[in-house]
Amino acid sequence: MKVITWNVNSVRQRGPRLLALLARHAPDVVCLQETKVEDADFPGADILEAGYHSVAFGQRAYNGVAILAREPLSDVRLGFRGDPVPGEARVLAATVGDLRVIDVYVVNGKGVGDPAYEVKLAWLDALADHLAATEDASRPIVVTGDFNVAPTDLDVHDPQLWAGKNLASAPERERLQRLLDWGLMDLGRAHAGDQAGPFTWWDYRMGAFHRGWGLRIDLMLGSAAVAERLVSVEVDREERKPTSGEGKPSDHAPVILTLRDQPS
DNA sequence: ATGTCACTTTACAAGTGA
């Protein structure tokens, strides 16, 4: 079974590349972030034609999440109680087969000391509270998406440069750890071991991708029932190249989780 | 570190969020 997460930075701009991704990897589940469209404009018909059901939770211009799946999606939940920014479409949960899928687009935070950074910390706390209150960590769960947090210095191309900065600061890493303490494993790190990266996001500016200036902020977190089925977590770096596919790339690369099939 | 991109608008260039 394959689960993909991808911050598309506008699903309208990334339409052809999204359909190509579905054809290339034939995933079972895809979580998208930063779709940037209201639900009426979400390309659900094109996605259905490609063989995928979908649920979208979007808004105009900003944020927006969606889950695609070969199998029907059930127990869909939009947003979460206690969200410090309830007007922003950032969390979508659905059940696919035996798997509970929670798609998240974490508040960016702008910079340490910015009011948005305090919102980010509160938001991560609220999400951890919500999961503990509403989900069962003993079941197969994947919490995935753009966390806007590089969990450790292994997840940063230049730890000295990023030390204490937004996306890599200790307070946000502590909040992420709270989430893990509830009963999740960072599957990407489990697969990569003590190797740096693999990175999933590179700034559009300064030729950052070409220079290897990346961060691992798009994460696959899994409960124990998922972690025991872990085969691999890989980054589709090709998708980040300007030359691959139709139109421009997102600033994030897709992350592909592969799980062993359930013994039946 | 900031050489870009996508979005929006008493729009046709400039601010914003990332």
Side-chain angles (χ1 to χ4, degrees), chain A residues 5-19 21 31-43 56-66 83-91 103-124 144-150 153 155-169 172 175-176 196-197 199-219 235 237-255:
Chain A
T5 183
W6 190 22
N7 179 322
V8 289
N9 185 20
S10 169
V11 73
R12 282 181 294 199
Q13 294 299 318
R14 232 57 68 199
R17 282 177 178 259
L18 174 60
L19 296 177
L21 181 88
C31 292
L32 304 178
Q33 304 87 37
E34 284 205 88
T35 55
K36 298 187 174 180
V37 285
E38 291 179 307
D39 296 346
D41 297 322
F42 186 79
F57 176 37
Q59 66 182 98
R60 197 175 64 143
Y62 302 110
N63 311 312
V65 283
D83 186 344
V85 283
E88 302 186 0
R90 294 180 174 277
V91 174
D103 182 10
V104 305
Y105 174 49
V106 175
V107 172
N108 176 287
K110 284 195 180 135
V112 174
D114 193 290
Y117 179 81
E118 297 304 320
V119 172
K120 178 185 199 173
L121 299 182
W123 193 92
L124 284 165
T144 187
D146 176 359
F147 283 77
N148 273 316
V149 179
D153 280 354
D155 304 306
V156 176
H157 68 93
D158 184 343
Q160 280 202 327
L161 177 69
W162 283 90
K165 297 224 171 71
N166 186 44
L167 308 182
S169 69
E172 51 193 307
R175 282 359 185 252
L176 182 64
F199 304 136
T200 65
W201 169 83
W202 300 261
D203 197 297
Y204 277 127
R205 296 166 292 185
M206 304 274 300
F209 178 69
H210 181 69
R211 295 159 117 148
W213 295 352
L215 302 181
R216 189 176 70 94
I217 58 177
D218 299 272
L219 308 179
V235 176
R237 292 176 53 90
E238 282 300 309
E239 177 49 51
R240 182 60 179 78
K241 295 179 181 172
T243 49
S244 71
E246 190 178 328
K248 293 175 175 173
S250 168
D251 47 351
H252 294 252
V255 177

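Please read all numbers here as calculations on a predicted model, not as lab measurements. Note on naming: letters A, B, ... go to the chains in the order of the sequence lines (proteins, then strands), and numbering restarts at 1 for each one.
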Inset, instruction - Nearest 0.5 Å please: distance from the CZ atom of R14(A) over to the NE2 atom of H252(A). - result: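 With rounding to 0.5 Å, CZ (R14(A)) is 10.5 Å from NE2 (H252(A)).
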Could you tell me how far [M] sits from [N] if I compare only their [atom1] atoms? Round to whole Å.
| N | M | atom1 | answer |
| --- | --- | --- | --- |
| dT16(B) | dA11(B) | C1' | 15 Å |
| dC7(B) | dC12(B) | C1' | 16 Å |
| dT10(B) | dG15(B) | P | 14 Å |
| dT2(B) | dG17(B) | C1' | 15 Å |
| dA6(B) | dA1(B) | P | 25 Å |

Legend entry - P115(A) backbone acceptor or donor facing K120(A) side chain under 3.5 Å: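 No, because the side chain of K120(A) does not come within donor-acceptor range (under 3.5 Å) of the backbone of P115(A).
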Legend entry - Aromatic plane relationship, F199(A) with H157(A) - under 30° parallel, 30 to 60° tilted, over 60° perpendicular: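 Plane angle over 60°, so perpendicular.
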Legend entry - Residue among Q33(A), K248(A), E34(A), K36(A) satisfying side chain to side chain donor-acceptor pair (under 3.5 Å) with N9(A):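 Single pass found, and it is K36(A).
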Legend entry - Those residues of residues 200-211 of chain A lying under 4.0 Å from DNA chain B by at least one heavy atom: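 Close to the strand are D203(A), Y204(A), R205(A), M206(A), R211(A).
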Legend entry - Any residue of residues 7-15 of chain A with a heavy atom less than 4.0 Å from an atom of DNA chain B: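 Under 4.0 Å from DNA chain B: N9(A), S10(A), Q13(A), R14(A).
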Any non-hydrogen side-chain atom of [X] less than 4.5 Å from a side-chain atom of [Y]?
| X | Y | answer |
| --- | --- | --- |
| D158(A) | W213(A) | no |
| R237(A) | F209(A) | yes |
| I217(A) | T200(A) | yes |
| T5(A) | L219(A) | no |
| F42(A) | T35(A) | yes |

Inset, instruction - Find which nucleotide of DNA chain B each of P249(A) and L161(A) is nearest to by heavy atoms, and output the residue with the more 5' nucleotide. - result: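 Its nearest nucleotide being more 5', the pick is L161(A).
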Inset, instruction - Under 4.0 Å from any heavy atom of chain A: name the first and the last nucleotide of DNA chain B that qualifies, 5' to 3'. - result: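 Range of nucleotides touched by chain A: dA1(B) to dA18(B).
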Inset, instruction - Considering only NZ, NE, NH1 and NH2 on the basic side and carboxylate oxygens on the acidic side, decide whether E172(A) and R175(A) come within less than 4.0 Å. - result: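 No.
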Legend entry - Check: W201(A)/N7(A) side-chain N/O donor and acceptor closer than 3.5 Å: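 Note: W201(A) and N7(A) side chains miss the donor-acceptor criterion.
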